[in-house]
Amino acid sequence: MTNISLDSVGNFNHRPRAQLGHLPTPLEAMPNLGKALSEAELFIKRDDCTGLAMGGNKVRQCEFYLGEAIAQGADTVLITGAVQSNFTRTVAAAARKLGFECHIQAEKRVSHTSSLYYHSGNVLLSRILGASISSYHEGEDEDGADKQLEVIAAELRADGKKPYVIHLGPDHPQIGSLGYIVAADEIIKQANELEMQFDKIVVATGSGATHAGLLFGLRALGNQTPVTGICVRREKALQVPRIAKHCDNIATVLDIENPVSLTDIIINDDALAPGYGQINDAVLEAIELIAQNEGIILDPVYTGRSMAGFISLAKQAISGEKLLFIHTGGQPSIFGYEDDLKPILSKNID
Ligand SMILES: *Cc1c(COP(=O)(O)O)cnc(C)c1O
């Protein structure tokens, strides 16, 4: 068993990092789901339990973004995302904890008629956290959204503030990915403690920061477990080069060779239709199945979809195979999507 430490992953330990998460997160068995589905043994990494303001994968990413913001002497953090973005809510919380102001740009990526979508869930939490919020109406337009955020940053600078902008476009290095190198290290150690090896790890792939960081981290730490990214935002043909680019960027940031080859990038977009943030039957089934077998809550945008992908892989797995699902969080958005969910659950709720 290889035991490469994080110290030897380039300049990883010299990157600025703010401690924000409750880490390591638990890694648990899902015996009931396993029995219900397949001959395989199913496990879950509880990154919904990262702690800060209802947790999720963005807490790990924020440790490195906010660390950088502190290193640059910033006083205000700016972030853009979908209206029900977990990232913007988590940045708002991280900013408060570390003494920053926070501005959120909410993009209308999904057209919605429900007022809950615009006011409840993550939006409500961001308001409680005291973030200022502006809206951006162009839907799927990463470059445009990043540019508009720069306009707001320029206004803040003119007012004497020191803004730090978290860009989401793939041309900017996703330093949040470094948080998933930490997760990779935890998974390797937890598997060692359990005296086992996973045959497959399954994770949602959206911006790709989580997927790229996890894959890069495993390979850099000498672990070859296959990682399947389940598309939640764009199709496979677009997601593969995106992950490859993120991995190149991480290698540059850490000043090491990129240990991820193109064949390492496994992407599955079978559960993506009809598109980002839009529920389908497989997503609903996944949400109900895991809640009713394991008492675990998933969200309708990300983990419901990645679990739908995990379920179909678990059904195809052979006896004794060990599959790990990364629960990336997102539960607050359930309340923003309540109107979409209720009428279509198998037992309708009033
Ligand atoms: C953002 C998010 C993802 C996707 O993570 P990326 O790093 O953007 O690929 C998955 N699950 C949840 C709950 C998220 O909020």
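Values in this document were obtained by computation on a predicted structure and should not be read as measured data. Whatever order the structure lists ligands and atoms in, that order sets their numbers, starting from 1.
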Can you list the residues that meet the side-chain hydrogen bond (donor to acceptor under 3.5 Å, both in side chains) rule with S114, with sequence neighbours excluded?
-> D339
Anything under 3.5 Å between a donor and an acceptor, one on a side chain of residues 328-337, the other on a protein residue two or more places apart or in another chain? List them.
| residue | atom | partner | partner atom | Å |
| --- | --- | --- | --- | --- |
| Q331 | NE2 | D48 | OD2 | 3.2 |
| Q331 | NE2 | I297 | O | 3.1 |
| S333 | OG | G330 | O | 3.2 |

May I ask you to decide if A40's main-chain N or O and E321's side chain share a donor-acceptor pair within less than 3.5 Å?
-> no
So does D185 pair up with K189, basic N to acidic O under 4.0 Å?
-> yes
Could you check whether the rings of F87 and Y65 sit parallel, tilted or perpendicular, using 30° and 60° as the cut-offs?
-> tilted
Please name all residues satisfying side-chain hydrogen bond (donor to acceptor under 3.5 Å, both in side chains) with T225, sequence neighbours left out, ordered by chain then number.
-> N223
When you pair each N or O of ligand 1 with protein N or O atoms, which pairs come out under 3.5 Å?
| residue | atom | partner | partner atom | Å |
| --- | --- | --- | --- | --- |
| ligand 1 | 5 (O) | N57 | ND2 | 3.0 |
| ligand 1 | 5 (O) | T210 | OG1 | 3.4 |
| ligand 1 | 7 (O) | Q61 | NE2 | 3.1 |
| ligand 1 | 7 (O) | S207 | OG | 3.4 |
| ligand 1 | 7 (O) | A209 | N | 3.4 |
| ligand 1 | 7 (O) | T210 | N | 2.9 |
| ligand 1 | 7 (O) | T210 | OG1 | 2.7 |
| ligand 1 | 8 (O) | S207 | N | 2.9 |
| ligand 1 | 8 (O) | S207 | OG | 2.7 |
| ligand 1 | 9 (O) | G206 | N | 2.8 |
| ligand 1 | 9 (O) | S207 | N | 3.2 |
| ligand 1 | 9 (O) | G208 | N | 2.9 |
| ligand 1 | 11 (N) | T328 | OG1 | 2.6 |
| ligand 1 | 15 (O) | K58 | NZ | 2.9 |
| ligand 1 | 15 (O) | N86 | ND2 | 2.9 |

